[in-house]
Amino acid sequence: MERAAAERRERPAYGKDSLISCDRLVRIFTADGVEVQALQGLDLLVAQGELMALVGASGSGKSTLLNILAGLDVPTAGAASVGGYDLLAMDAAARLRYRREIVGFVWQQTARNLLPYLTAAQNVVLPMQLAARGSGPRTRRKRAARAAELLDMLGVGYCHDRRPAQMSGGEQQRAAIAVALANDPAVVLADEPTGELDSATGEQVFAAFRTANEELGTTVVVVTHDHAVADAVRRTVAIRDGRTASEVVRRTEVDEHGQESVVAREYATVDRAGRLQLPRDYTDALDIRSRVLLELEPDHIGVWPDLPQDRAERPGDPK
């Protein structure tokens with residue numbers, strides 16, 4: 001026992017090498033004396049440079065998680081950090097600096113991302129001005145050049161001098177991504193960025209996120225209901241009932257003929273407390289309601305429904 005305890009102490013801290021680390025995260029909302037647990041001990045790790053999607057039904061907790069990561073909300077309990085910032089311990093000044101310099105955010109509503117009286121370029125320059133990194137003609141030229149570079153990189157350089165009312169929804173969203181990237185953040189968070197767009201325009205917007213990820217190395221986390229977006233990333237994490245429930249991981253594999261293909265595998269996630277959420281269609285198929293039998297095998301764990309004692313024993317049932 002002492003040896004096992006020593007080994008546990010010597011293990012690296014949870015999330016040590018991750019850009020984003022959520023450890024048993026809890027968020028409880030209270031309204032009219034009623035408590036609602038939006039997050040119920042959620043665990044999540046995101047590596048530097050990932051492009052990933054968060055999916056889940058309405059009310060599953062994914063938008064609550066995104067607001068916490070953006071510094072717009074504070075968790076009730078647990079631990080969360082992004083880029084070395086402790087999201088539970090920041091004071092008001094640190095939280096403001098965090099939102100300006102560490103994270104960029106893109107909302108679903110196009111009108112919410114851009115100021116209507118500024119051009120696309122002026123909208124991109126604004127976060128740099130608010131960060132107050134120097135002043136003078138040389139600084140203004142550098143800001144203007146970066147704004148033009150970002151708009152060009154995302155395919156909307158021709159919107160440089162247009163105001164939002166003169167741009168389509170897709171153009172506005174790509175300009176909004178440029179705004180989110182203005183101060184070179186470690187991570188860009190997006191809440192349903194293609195939700196108000198048709199499929200073709202949505203693909204253009206997601207391509208802009210991919211460009212930012214590949215060319216700038218920016219970590220991108222997208223909350224989405226769009227299956228095309230969820231299927232286009234290497235990692236899709238599903239949230240259910242305030243916890244991470246499963247992950248789909250996509251890898252490129254090469255067959256014996258040298259042909260490349262993307263293979264997707266779905267995994268159930270085991271949280272820090274050892275909890276595992278079984279897929280609902282699995283539990284429905286076997287009428288699993290409250291408990292299961294477990295059997296530890298050399299290379300796997302067997303899971304069986306709790307059957308009536310008088311039912312005939314089936315081959316492979318645990319003894």
Between D191 and S63, is there a side-chain heavy-atom distance shorter than 4.5 Å? yes

Q: Establish whether L42 and L72 are linked, either directly or via other cluster members, by ILVMFWY side-chain heavy-atom contacts under 4.5 Å.
A: yes

Determine yes or no for a side-chain-to-main-chain donor-acceptor pair under 3.5 angstrom, with R99 supplying the side chain and A70 the backbone.
no

Nearest heavy-atom approach of A180 to V106 is CB-CG2, 4.0 Å

Under the 3.5 angstrom rule, does the side chain of R100 hit a backbone N or O of L130 as a donor-acceptor pair?
-> yes

**Q.** Within 6.0 angstrom of H225 NE2, more than 12 heavy atoms from elsewhere
**A.** yes

Q277 and A268 have their tightest heavy-atom pair at O-CB, 4.2 Å

The reported gap from OG1 in T76 to CD1 in I68 (rounded to nearest 0.5 angstrom) is 7.5 Å

**Asked** Taking C-beta and beyond as the side chain, do V179 and L114 meet within less than 4.5 Å on heavy atoms?
**Response** yes

With side-chain contact (heavy atoms from CB on, under 4.5 Å) as the test, would you mind laying out the steps for R291 and D306 before giving the verdict? CA-CA 6 Å; R291 58 190 182 188; D306 181 27; 2.6 Å; yes

Any donor-acceptor pair under 3.5 Å linking the side chain of D43 with the backbone of D271?
no

* Asked: Short question: side chain of Q172, backbone of P164 - any donor-acceptor pair under 3.5 Å?
  -> yes

Rounding to 0.5 Å, atoms CG (N67) and CG (L189) come to a distance of 9.5 Å

Would you kindly confirm whether V221 and V223 end up in one hydrophobic cluster when ILVMFWY residues are joined by side chain heavy atoms under 4.5 Å apart?
yes

Subject >> Contact check, side chains of I28 and E35, non-hydrogen atoms, under 4.5 Å >> reply: yes

**Prompt:** Quick one: do L44 and V26 end up in the same hydrophobic cluster if we chain Ile, Leu, Val, Met, Phe, Trp and Tyr together by side-chain heavy atoms under 4.5 Å apart?
**Reply:** no

Tell me whether R280 forms a cation-pi arrangement with Y282, defined as NZ or CZ under 6.0 Å from the six-membered ring centre and within 45 degrees of its axis. no

- Query: Does the distance from a Lys or Arg side-chain N to an Asp or Glu carboxylate O, for R289 and D287, drop under 4.0 Å?
  - Reply: yes

Mind checking whether R234 and T252 have side chains closer than 4.5 Å, heavy atoms only? yes

Looking only at heavy atoms, the pair that brings Q122 and Y117 closest together is OE1-O, 4.4 Å

Please check: side-chain N/O of N183 versus main-chain N/O of P127, any donor-acceptor pairing under 3.5 Å? yes

For A175 and A120 the tightest heavy-atom approach is CB-CB, 4.5 Å

task = Report whether L181 and L66 are members of the same hydrophobic cluster (ILVMFWY, side-chain heavy atoms less than 4.5 Å apart, transitive linking).
result = no

Flag side-chain contact, heavy atom, 4.5 Å: V74 against L87
no

Between the CZ atom in F206 and the CG atom in L197, the distance rounded to the nearest 0.5 Å is 14.0 Å

Can you tell me if OH on Y267 sees more than 12 non-hydrogen neighbours from other groups inside 6.0 Å?
yes

Legend entry - Exam field: side chain S81 to backbone G84, donor-acceptor pair closer than 3.5 Å: no

Which pairs would a plain distance check flag for residues 45-55, meaning a side-chain donor or acceptor within less than 3.5 Å of a matching protein atom at least two apart in sequence or in another chain?
{"from": "Q48", "atom 1": "NE2", "to": "G217", "atom 2": "O", "distance (Å)": "3.4"}
{"from": "E50", "atom 1": "OE1", "to": "R235", "atom 2": "NH1", "distance (Å)": "3.4"}
{"from": "E50", "atom 1": "OE2", "to": "A47", "atom 2": "N", "distance (Å)": "2.8"}
{"from": "E50", "atom 1": "OE2", "to": "R235", "atom 2": "NH1", "distance (Å)": "3.1"}

When rounded to the nearest 0.5 Å, the distance separating CZ of R174 from CZ of F209 is 11.5 Å

When rounded to the nearest 0.5 Å, the distance separating CE of M128 from OG1 of T139 is 11.0 Å

What's the verdict on side-chain contact (heavy atoms from CB on, under 4.5 Å) for V220 and V187, showing C-alpha distance, side-chain angles and the deciding distance?
CA-CA 6 Å; V220 179; V187 58; over 6 Å; no

**Message:** Within the 4.5 Å heavy-atom criterion, are V188 and T219 side-chain neighbours or not?
**Reply:** no

* Asked: Does atom CG of D32 have more than 12 heavy-atom neighbours, drawn from other residues, nucleotides or ligands, at distances under 6.0 Å?
  -> no

Handout entry: Full working for side-chain contact (heavy atoms from CB on, under 4.5 Å) between D284 and D281
Key = CA-CA 5 Å; D284 289 347; D281 53 345; 5.6 Å; no

Rounded to the nearest 0.5 angstrom, the CG-OG1 distance for N113 and T110 is 7.5 Å

Practice problem: Give the cluster check for L69 versus I177: same hydrophobic cluster or not, with ILVMFWY residues linked at side-chain heavy-atom distances below 4.5 Å. | Solution: no

- Message: With a 3.5 Å distance limit and no angle check, can you tell me whether Q40 reaches the backbone of D241 through a side-chain donor-acceptor pair?
- Response: yes

query: Distance-only, no hydrogens or angles: does the K62 side chain make a donor-acceptor pair with backbone N or O of G56 under 3.5 Å?
result: yes

| task | Just do the side-chain contact (heavy atoms from CB on, under 4.5 Å) check on W107 and E192 with the steps written out, would you? | result | CA-CA 7 Å; W107 301 94; E192 294 284 359; over 6 Å; no

Compile the donor-acceptor pairs under 3.5 Å between side chains in residues 147-160 and protein atoms, sequence neighbours left out, one pair per line.
{"from": "Y158", "atom 1": "OH", "to": "E171", "atom 2": "OE2", "distance (Å)": "2.8"}

*asked:* Before you tell me yes or no, could you show the steps for Q37 and R27 under side chain to side chain donor-acceptor pair (under 3.5 Å), namely the whole-Å CA-CA distance, both residues' side-chain angles and the distance that decides it to 0.1 Å?
replied: CA-CA 6 Å; Q37 292 193 32; R27 182 64 173 103; over 6 Å; no

In short, V248 meets A264 closest at the heavy-atom pair CG1-CB, 4.0 Å

Distance-only donor-acceptor pairs under 3.5 Å for side chains of residues 18-25, two or more places apart:
{"from": "D23", "atom 1": "OD1", "to": "R272", "atom 2": "NE", "distance (Å)": "3.1"}
{"from": "D23", "atom 1": "OD2", "to": "R272", "atom 2": "NH2", "distance (Å)": "3.1"}

query: Taking side chain as C-beta onward, heavy atoms only, is W304 less than 4.5 Å from V292?
result: no

Closest heavy-atom pair, S60 versus A57, reported as atoms and distance to 0.1 Å, is OG-O, 2.8 Å

Just by modelled atom types, is the A230 backbone N or O under 3.5 Å from a matching donor or acceptor in the T224 side chain? no

| Under 3.5 Å donor-acceptor, E214 side chain and T211 backbone | no

Heavy-atom check, side chain of E266 versus side chain of T236, under 4.5 Å
no

